[in-house]
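For ligands, and for the atoms within them, numbers begin at 1 and follow the listed sequence.
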Amino acid sequence: MTGKAKILIVDDNPNNRLAIRTILKGIDAELYEADNGFDALTMAIETEYALVLLDVQMPEMDGYEVCEQLRADARTADTPVIFLTAAYKENRDKMRGYSAGATDYLTKPLDDHILKAKVHVFLRLYWQYQQLQENNAALALAASVFESQQGIVISNADNIIVRVNKAFSEMTSYSAEEAIGKNPSILKSGRHDTDFYRAMWQSIHNLGAWQGEIWNRRKNGEIYPEWLSITPVKNNGVITHYIGTMTDITEYKSAEAQIHQLAFYDSLTGLPNRRLLLERLQHGIEMCVRDNKLMTVMMLDLDNFKPVNDSLGHLAGDELLQQVAGRLLDCLRTADMIARLGGDEFTVLLENITHADDAAHVAENIITALSKPFYLVLEHKEVRIGVSIGISVYGQHGTTPQLLMDHADAALYKAKDSGRNCFAYFSEDLTIAARSRIELESRLRGVIEREELLVYYQPQVDIATDKIIGAEALIRWQQPVEGFTSPGQFIGFAEETGLIDIIGAWILREACRQGRQWLDAGLPPLVLAVNVSPHQFRHSNIISLVADVLNDTRFPAHCLELELTESGLMDNQDKTRFILDNLRQLGVHIAIDDFGTGYSSLAYLKHFPITTLKIDKSFIDDIPYQQDDMAIASTIIAMGHILGFKILAEGVETPEQLAFLLEKGCDNYQGYIKSKPVPAHEFARLLRDQQRDG
Ligand SMILES: Nc1nc2c(ncn2[C@@H]2O[C@H](COP(=O)(O)O[C@H]3[C@@H](O)[C@H](n4cnc5c(=O)[nH]c(N)nc54)O[C@@H]3COP(=O)(O)O)[C@@H](O)[C@H]2O)c(=O)[nH]1
């Protein structure tokens with residue numbers, strides 16, 4: 001409520017008007033005057049008056065008529081009017097005044113106190129009326145706000161719903177009757193954990209509000225996203241209610257998803273586009289820097305796509321591209337990314353890889369996958385295409401997205417130049433290395449079926465008696481064209497690719513079969529040592545493999561020793577112990593190979609049921625010239641004996657080495673001084689010679 005109340009004094013006599021002014025001097029209102037009925041009516045319509053003091057006796061238009069006209073007009077119908085009339089007037093004149101619409105009467109000569117008192121009363125009524133009007137307007141406004149587009153739910157201090165609006169009911173399908181008396185948790189979708197709600201209530205109580213995106217559930221079970229704001233209402237600092245306003249953002253979200261799809265994905269194949277690829281590439285580079293990881297970019301270009309597109313038309317071309325996208329996805333891990341840059345160009349991003357040539361494997365898989373024929377449904381035709389792939393490696397070929405892309409592109413042209421349907425790295429040496437590794441892998445895969453593997457045996461000798469007491473089974477690969485390939489060239493690779501599991505199982509079976517045959521042929525019993533690689537130890541079921549092989553070949557368990565490296569044991573102590581205990585229960589011996597080169601923790605090894613330690617060849621080589629190596633070798637022998645292990649020295653080549661080991665009490669040795677690894681028949685001959693010589 002602003003401004004001052006206005007009072008209109010209507011009297012043809014200026015003295016009377018002055019007299020009234022004088023009486024009302026100091027009153028909290030503005031006084032206006034009219035000296036005739038016509039002016040009074042005009043003024044009353046133009047301006048809102050809190051009160052009209054109206055003289056009855058006036059020429060031309062008397063007070064009755066003025067009052068009647070005021071009442072007849074909606075704008076002035078409620079304006080209070082006090083008639084000022086002569087004291088001698090009859091009572092019926094007063095009645096006429098009331099029926100004309102008078103609110104009150106005052107008689108002349110006016111009593112100062114009565115006039116002032118009445119004016120005060122009317123002014124107070126006027127202000128109360130104004131307040132009422134404002135309150136009504138505010139209530140009407142609040143009601144229209146409450147019934148707005150947004151859903152509103154009001155709950156009490158115990159978070160029980162006390163009111164909801166229509167929009168809430170439309171959004172949630174809960175009518176007001178169904179919602180009132182319940183907890184707003186009837187809307188819970190189950191998609192948020194307790195931490196989410198805890199944070200929400202913390203914000204409401206500590207910060208005075210919470211707003212955010214939330215998944216809620218409609219009465220029919222449908223889950224939908226909404227934007228929710230919750231504000232507590234306080235009275236004297238105590239929360240009395242919570243007001244939640246909610247907007248269903250389902251459409252906004254799907255529009256947002258649509259915009260995202262259009263901005264970041266190729267509409268034909270649904271694959272990420274160049275924009276998303278560059279973002280991922282940038283992110284991948286940051287990860288490489290942070291975690292010192294490897295990443296490669298592979299640029300793909302389809303060979304023979306253009307002729308298909310030109311001859312069969314664009315619809316067929318589109319179908320082919322969609323099928324290509326599907327096959328590419330099948331070749332990749334979910335963590336990898338494939339993007340279509342446009343036309344028949346695709347880019348693959350391999351993050352978090354171990355070796356640069358992992359990309360070559362993926363490239364080979366892609367080349368194989370795309371070289372199979374495609375059946376185009378629209379054209380009822382089978383078509384064949386190929387793919388050329390250029391590869392760049394983060395770090396070696398660039399450290400920015402643009403350089404990596406450019407260099408993958410340059411490598412792509414190298415691949416095309418070298419006959420298409422192949423891959424090339426940006427640098428020649430990587431291409432050569434990767435291609436030869438892939439070739440090695442493909443040759444190694446069929447090695448057992450092609451019967452190219454052989455087992456050689458290297459005698460293990462008792463130092464004290466110089467008698468052969470066992471042999472280490474060592475693999476040999478004899479290829480028809482390439483010839484002999486030493487294990488050093490392929491064991492590590494077989495380990496990386498997991499092929500070692502099949503190869504290791506084969507050599508175990510072959511050694512046990514051979515050992516049984518020697519026993520059956522009357523040769524003296526000896527211990528055959530077979531290497532078990534770390535991959536084989538961790539990933540294959542070594543316990544059941546050994547049990548099966550011993551059972552199938554009938555080779556005595558106590559004649560078998562499994563050689564493990566320390567690194568193969570270190571991974572998971574509990575699992576290692578479980579496996580070793582089970583192997584020992586079968587009766588086989590356990591030897592630690594290459595001892596001294598790894599962790600070399602005797603304290604650690606004593607927790608495992610180990611029978612033999614093999615001192616690595618590198619500590620034997622420089623005996624008797626290297627004091628350090630001699631000290632290490634004699635310490636291993638002494639400490640190993642204290643812990644109950646047998647000690648075997650590897651790679652013994654000279655009599656000096658042998659004499660030193662004998663002096664230090666080493667149990668057994670293995671080395672060229674006795675014999676190189678030899679084929680089975682030669683080893684049998686060595687044994688027979690020994691038998692014959694007694
Ligand atoms: N997981 C498997 N690993 C195997 C298997 N067969 C072999 N290997 C591992 O390959 C590495 C190379 O083996 P290889 O070329 O056979 O060499 C062995 C011996 O020939 C060689 N040796 C033995 N004595 C001497 C010597 O006096 N001088 C000399 N220069 N070399 C010698 O040492 C190799 C035996 O090593 P180890 O296994 O550590 O006892 C080698 O790491 C093999 O382990 C297999 O079937 N599975």
Side-chain angles (χ1 to χ4, degrees), residues 444 447-448 452-461 463 468 470-478 484-515 527-540 542 545-546 549 560-569 589-598 600 612-623 633 646-658 660-661 666 668-680 682-683 686:
L444 203 53
V447 79
I448 293 171
E452 290 171 4
L453 291 181
L454 301 168
V455 186
Y456 274 37
Y457 296 87
Q458 184 174 36
Q460 293 184 335
V461 186
I463 294 191
I468 298 171
E472 180 179 0
L474 292 158
I475 200 149
R476 296 293 178 259
W477 183 12
Q478 191 66 41
F484 180 80
T485 308
S486 89
Q489 283 173 273
F490 68 88
I491 286 291
F493 178 71
E495 169 80 16
E496 276 169 32
T497 52
L499 284 170
I500 194 71
D501 293 354
I502 324 170
I503 294 172
W506 178 84
I507 192 166
L508 177 72
R509 187 171 288 277
E510 181 54 24
C512 291
R513 186 201 61 76
Q514 182 63 73
V527 173
L528 291 184
V530 177
N531 288 284
V532 174
S533 85
H535 190 282
Q536 200 185 352
F537 186 73
R538 281 196 296 266
H539 299 282
S540 68
I542 190 76
L545 173 74
V546 172
V549 167
L560 178 64
E561 182 169 77
L562 298 176
E563 287 193 10
L564 307 162
T565 57
E566 281 176 272
S567 59
L569 303 183
H589 303 276
I590 307 290
I592 298 299
D593 203 0
D594 307 334
F595 188 76
T597 56
S600 309
T612 309
L613 285 188
K614 292 183 77 178
I615 307 175
D616 190 67
K617 179 177 176 301
S618 57
F619 300 107
I620 309 298
D621 283 345
D622 293 325
I623 294 173
K646 277 218 168 298
I647 312 295
L648 182 146
E650 288 188 86
V652 180
E653 293 182 342
T654 67
E656 290 82 2
Q657 290 167 348
L658 200 52
F660 173 83
L661 292 165
C666 183
N668 304 320
Y669 77 93
Q670 182 181 337
Y672 289 1
I673 189 169
K674 183 72 173 177
S675 166
K676 287 192 170 184
V678 291
E682 272 188 47
F683 182 74
L686 287 175

At less than 4.0 angstrom from any non-hydrogen atom of [X], what atoms of ligand 1 do you find?
X	value
Val652	27 (O)
Gly651	24 (N), 25 (C), 26 (C), 27 (O)
Ile507	46 (O)
Asp594	39 (O)
Gly671	24 (N), 27 (O)

Give a yes or no on whether the backbone of His535 and the side-chain of Glu495 come within a donor-acceptor separation of less than 3.5 Å.
yes

Quick one: nearest non-hydrogen protein atom to [atom], plus distance?
atom	answer
atom 19 (C) of ligand 1	Leu474 CD1, 3.9 Å
atom 27 (O) of ligand 1	Tyr672 N, 2.9 Å
atom 23 (C) of ligand 1	Gln458 OE1, 2.9 Å
atom 10 (O) of ligand 1	Pro487 CB, 3.5 Å
atom 2 (C) of ligand 1	Asn531 CB, 3.5 Å
atom 30 (N) of ligand 1	Lys617 CE, 3.2 Å

Protein heavy atoms near atom 33 (O) of ligand 1, is at least one of them under 4.0 angstrom away?
no

Protein heavy atoms: any of them under 4.0 Å from atom 17 (O) of ligand 1?
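Flag for atom 17 (O) of ligand 1 set to false, no protein heavy atom closer than 4.0 Å.
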
Consider every N or O of Ile475 and every N or O of ligand 1, then say whether any pair is closer than 3.5 Å.
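By distance alone, the answer is yes.
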
Is the shortest N/O to N/O distance between Glu472 and ligand 1 below 3.5 Å?
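Yes, since at least one N or O of Glu472 sits under 3.5 Å from an N or O of ligand 1.
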
Please verify whether a non-hydrogen atom of [X] lies at under 4.0 Å from ligand 1.
X	value
Glu495	no
Lys614	yes
Arg476	yes
Pro677	yes

Can you figure out which of Gln657, Glu650, Glu653 has its heavy atom closest to atom 40 (O) of ligand 1?
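Of the listed residues, Glu650 has the closest heavy atom.
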
Side-chain heavy atoms of Tyr669 within contact of Gln657, under 4.5 Å:
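No, too far: nothing below the 4.5 Å cut-off.
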
